[in-house]
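Numbers restart at 1 for each chain; the letters A, B, ... are given by sequence-line order, proteins then strands.
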Amino acid sequence: LVRIQRNKAAALLRLAARNV
Amino acid sequence: NKSHNQPSAGRVPIGNPGMGEAGNFGGNNFMPANGLTVAQNQVLSLIKACPRPEGLNFHDLKNQLQHMTVASIKQAVDFLSNEGHIYSTVDDDHFKSTDAE
């Protein structure tokens with residue numbers, strides 16, 4: 001579960017980085 | 001303490017003069033507005049549509065995209081996760097979408 005949260009957080013960060 | 005509320009100045013509608021010059025997006029390499037290919041969009045929408053908390057697994061993806069090769073599905077998945085649209089959950093074969101909201 002921690003892994004999922006971490007993956008999600010990482011993915012959201014990547015997405016945010018793309019949208020800057 | 002009166003707050004002065006300034007109404008926003010009237011919005012000027014932006015005309016679209018040179019529509020004719022826009023060029024048509026002909027051809028079979030149709031790219032939707034979000035910058036993904038058709039294949040990537042199909043993969044993404046399938047993953048988005050999956051209601052399970054652990055997300056959609058690769059096997060289901062393969063079954064629902066039989067016109068695509070495993071390699072091209074993998075490629076789309078790789079791309080989408082690199083861009084942050086999806087992420088893997090319980091294992092590397094399960095994916096969930098970030099922009100499901």
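In this structure, the side chains of B:Thr89 and A:Asn7 stay at 4.5 Å or more apart for every pair of heavy atoms.
The environment of B:Gln64 atom CD is dense: over 12 non-hydrogen atoms of other residues, nucleotides or ligands sit within 6.0 angstrom. The neighbour count for B:His67 NE2, taken as heavy atoms of other residues, nucleotides or ligands under 6.0 Å away, is above 12.
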Inset, instruction - Decide side chain to side chain contact (heavy atoms under 4.5 Å, CB included) for B:Tyr87 and A:Leu12; before the verdict, give the C-alpha distance in whole Å, the side-chain angles of both, and the deciding distance to 0.1 Å. - result: CA-CA 9 Å; B:Tyr87 57 97; A:Leu12 285 169; over 6 Å; no
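Applying the salt bridge (charged side-chain N to carboxylate O under 4.0 Å, His left out) definition to pairs two or more places apart or across chains, those involving residues 2-20 of chain A are A:Arg3-B:Asp92, A:Arg18-B:Glu83.
Distance check: B:Ser81 OG to A:Leu15 CG gives 12.0 Å after rounding to the nearest 0.5 Å.
Hydrophobic clustering, with ILVMFWY side chains joined whenever heavy atoms are under 4.5 angstrom apart, groups B:Met68 together with B:Phe95.
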